[in-house]
Amino acid sequence: MDLEKLLTDRLAPAFATVAGGPVDPLVRRSARTDFQSDAALALARRLGRPPRVIAADVLDRADLADVCSVAEVSGPGFLNLTVADDALAGLVSALAADARLGVPVVAEPETVVVDYSAPNVAKEMHVGHLRSTVIGDAAARLLQWLGHRVLRANHVGDWGTPFGMLIEHLVDLGEAEAAQELPMGDLDSFYKAARVKFDADEAFRERSRRRVVALQGGDAATRRLWRMLVQQSARHFLTVYELLDVTLTERDFHGESSYNDLLTPVVEDLDRLGLLRSSNGAACVFPPGQAGRDGEPLPLIVRKSDGGYGYAATDLAAIRHRTGTLGATRLLYLVGLPQRRHFEMVYAVAAQAGWLPAPARAEHVGFGSILGSDGRMLRSRAGGSVKLVGLLEEAIARATLLARERNAELGQVEAAEVGRAVGIGAVKYADLSSDRHRDYVLDWERMLSLDGNTAPYLQYAYSRIRSIFRRAGVAARPEAVIRLTEPAERALAFELVGFGAVVVSVADSLEFHHLAGHLYRLAAAFSAFYERCPVLRADGPVRDSRLLLCDVTARVLRQGLYLLGIRTPDRM
RNA sequence: GCGCCCGUAGCUCAGCGGAUAGAGCAGGGGACUUCUAAUCCCAAGGCCGCAGGUUCGAAUCCUGCCGGGCGCACCA
């Protein structure tokens, strides 16, 4: 039980009596005291009474004695609520005894498909895949922890016309040679070499075209070569996921090709439903309210004029499969904001076709771009895309160097482990700690700073707690009595108790910066507590109480960072 | 032209109907014989892009501008 809810429950009946109907007490944190209720102000006009009188009336009727040490009318009609120390301590004790740290398992679990990462076969993963992968993984972790059935879906780009040229290039190289080159991780040069030949060589182009037809026709030899490309790429993706601490596995790979057999039925059924129209030779659906550059209705092209299927068809087939066969009721798409319109149209068509029956719904969880220090889309010096592995390796190298500089006690092996946890954590946290709709600037200095809203700062707070327990040589006693006498102890307790509500709200909004912000405030509250409230040097009951506060803080930080996909090293 | 996202402290960002707009960084001042000073504390810093409107109350909601980014039929 969090305090907002507890206070709301206590105030609501009193407000209902005074107002003659249900009223949300509008409880929130206050700068002046612990909490405030703003509802009396809004009621004044309706009831024709001064807000201060209403507030006083509510106060008379509300049962707050065991929760608040002070409850008073303030200013124009606010209710200022100061939480009693023992009530707050009681909530912390409940948290200490709760393996789930105040986060309940959902009463009605849903089947949720989280569609994220989606790299392309025969291309190396680049920064463009980072946000989808990081945010998507956080979504999967969080929803799963809440008790939902989460199906991770890696919609790998493993189909389409480029595979003609890629397979022909593979043939030119010779399988043995290619088998050696591909796993080396240099997928990009393979792709580029194929591209160069395709652009320069008419004969190669023609072979590529025939190869596409063979692939789509199911030619066994072609399929075998294609599968080789897919498998080698999958190996690369899995290496990156492991480096990134991302929970995607090979079982989660559901490439575009896996929907091939469903594409024809999609078009046929749209036609049967009367939604399909032919336009310039293409089979289209025109969802209402969408206009193109010329002001004319904008089509969703489900089958191209050459008879081939575009990604709209695949996306529709995937929706159908996910709601129909998999029984999912929530579909999340972790794809950049530029594709917003596409998904609006796809969801509209799916809904029209009856493939998103209530309560099923699809959400485009969009995000902005990663920018370089020049404020433009992050590019390599050569102007190409920045390889993800290179970026992650740089993060690890920088963090390892910092770890060595800052803590001479760390051995070679441990410094490497810390460098990895901190470097990867810093990259992921930078992505998750600001509003996902915004673009953000990749800045190593800021990401790896030990001050401010960064992964290293949170990890450091955690490692300081571990350090206390190492020195103490004992564990916290869960049954110890929590005593909150210092302001820093109270401030810490409030942040601990607020964890559950934040997690629940983020499960809905998928605004992970709210969770990150909460963990940052918790870490900051702990750091202040650490400065002012000695733990090991305190006497008996105070020491026990503080050890327990430390323990609960560590558990919340660890769990919260786990949900963001970030590790918590014991030492830094 | 239409649509979407974004304009808040020098910089990076929170806040999105409630009382004096909050953090961090940078710059200024302090705190290590003490559980990691990779930290903490103090002071300073704001026509909340502009103009109207709604409201008892607007950074927050509505409308119109201005500025930046992105998208607008067979690539995904």
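For the numbers below, each heavy atom of this structure counts, side chains included, while hydrogens, waters and symmetry mates do not. To find a chain, count down the sequence lines: A is the first, B the second, and so on, and within it residues start at 1.
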What interatomic distance, in whole Å, is found between [atom1] of [M] and the corresponding atom of [N]?
N     : M     : atom1 : result
B:A23 : B:G45 : P     : 14 Å
B:C13 : B:C4  : P     : 23 Å
B:G24 : B:U33 : C1'   : 32 Å
B:G28 : B:G64 : P     : 47 Å
B:A51 : B:C47 : C1'   : 13 Å
B:G57 : B:U20 : C1'   : 15 Å
B:G10 : B:U36 : C1'   : 33 Å
B:A21 : B:C62 : P     : 23 Å

Once you round it to whole Å, what is the distance between [atom2] of [N] and [atom1] of [X]?
X        : N     : atom1 : atom2 : result
A:Phe78  : B:G57 : CZ    : P     : 13 Å
A:Asp431 : B:U12 : CG    : P     : 18 Å
A:Met447 : B:U12 : CE    : P     : 16 Å
A:Asp435 : B:G7  : CG    : P     : 8 Å
A:Leu300 : B:A76 : CG    : C1'   : 13 Å
A:Ile370 : B:U12 : CD1   : C1'   : 16 Å
A:Arg29  : B:G18 : CZ    : P     : 16 Å
A:Asn154 : B:A76 : CG    : P     : 17 Å

When you measure from the side chain of A:Thr400 to the backbone of A:Ile396, do you find a donor-acceptor pair of N or O atoms at a distance under 3.5 Å?
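Yes.
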Looking at A:Tyr460, is its backbone amide N or carbonyl O close enough to the side chain of A:Ser463 to form a donor-acceptor pair, meaning the two atoms are under 3.5 Å apart?
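Pair found, side chain donor or acceptor close to backbone of A:Tyr460.
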Taking only N and O in the side chain of A:His437, is any of them less than 4.0 Å away from OP1 or OP2 of B:C4?
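Result: no.
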Side chain A:Asp315 and base B:A76 donor-acceptor under 3.5 Å
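Looking at the base of B:A76, it does not pair with any donor or acceptor on the side chain of A:Asp315 (distance under 3.5 Å).
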Decide yes or no, distance alone: a donor-acceptor N/O pair under 3.5 angstrom between the base of B:A14 and the side-chain of A:Ser434.
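When only heavy-atom distances are counted, A:Ser434 does not reach the base of B:A14 through any donor-acceptor pair under 3.5 Å.
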In terms of base orientation, is B:C32 syn or anti, with the syn window spanning 90° either side of 0?
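Base orientation: syn.
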Given B:C4, B:U8, B:A76, the nucleotide with the shortest approach to the side chain of A:Arg340:
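Comparing B:C4, B:U8, B:A76 against the side chain of A:Arg340, the answer is B:C4.
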Hey, does the Lys NZ or Arg CZ of A:Arg28 hover above the aromatic six-ring of A:Phe35, less than 6.0 Å from the centre and inside 45° of the axis?
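No, A:Arg28 does not lie over the aromatic ring of A:Phe35.
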Examine A:Arg464 relative to A:Phe526 and say whether NZ or CZ is less than 6.0 Å from the centre of the six-membered ring and inside a 45° cone about the ring axis.
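No - A:Arg464 does not lie over the ring of A:Phe526 by the 6.0 Å and 45° rule.
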Determine whether the aromatic ring centres of A:Tyr429 and A:His513 lie less than 6.0 Å apart.
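No: the rings miss the under 6.0 Å criterion.
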In B/S/- notation, 5' to 3', how is nucleotides 26-42 of chain B contacted by protein heavy atoms closer than 4.0 Å?
--------BBBSBBSS-
For nucleotides 66-73 of chain B, just jot down a letter per nucleotide in 5' to 3' order: B, S or -, based on protein non-hydrogen atoms under 4.0 Å.
---SSBBB
Looking at every strand, decide which applies to [X] at a 4.0 Å heavy-atom threshold: base, sugar-phosphate, or nothing.
X        : answer
A:Thr314 : nothing
A:Gln36  : base
A:His342 : nothing

Nearest-nucleotide wise, let me know which of A:Ala42 and A:His155 is further upstream toward the 5' end of RNA chain B.
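It is A:Ala42, whose closest nucleotide lies nearer the 5' terminus.
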Watson-Crick or G-U counterpart of [N], or none if no pair lies under 3.5 Å:
N     : result
B:C48 : none
B:C11 : B:G24
B:U60 : none
B:C40 : B:G30
B:C4  : B:G69

Could you go over nucleotides 59-64 of chain B and give all protein N or O partners under 3.5 Å, atom names and distances?
none

Does the salt bridge (charged side-chain N to carboxylate O under 4.0 Å, His left out) test come out yes or no for A:Glu414 and A:Arg571, once each step is laid out?
CA-CA 8 Å; A:Glu414 202 171 10; A:Arg571 252 182 252 268; 3.2 Å; yes
Hey, can you tell me if A:Trp226 and A:Trp159 have their rings parallel, tilted or perpendicular (30° and 60° cut-offs)?
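The arrangement is perpendicular - the two ring planes meet at more than 60°.
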Taking [X] first and then [Y], would you say they form a salt bridge - that is, a charged N and a carboxylate O separated by under 4.0 Å?
X        : Y        : value
A:Arg340 : A:Glu344 : yes
A:Arg436 : A:Asp431 : no
A:Asp544 : A:Arg483 : no
A:Asp199 : A:Arg205 : no

Nearest 0.5 Å please: distance from the CG atom of A:Leu7 over to the CG atom of A:Asp34.
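A:Leu7 atom CG to A:Asp34 atom CG measures 9.0 Å (nearest 0.5 Å).
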Considering the options A:Arg555, A:Met572, A:Arg558, which one meets the side-chain contact (heavy atoms from CB on, under 4.5 Å) requirement together with A:Tyr462?
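Considering A:Arg555, A:Met572, A:Arg558, a side-chain contact (heavy atoms from CB on, under 4.5 Å) with A:Tyr462 is found only for A:Arg558.
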Take atom CD of A:Glu409 as the centre, draw a 6.0 Å sphere, and report whether it contains more than 12 heavy atoms from other residues, nucleotides or ligands.
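For A:Glu409, atom CD is not crowded (no more than 12 foreign heavy atoms under 6.0 Å).
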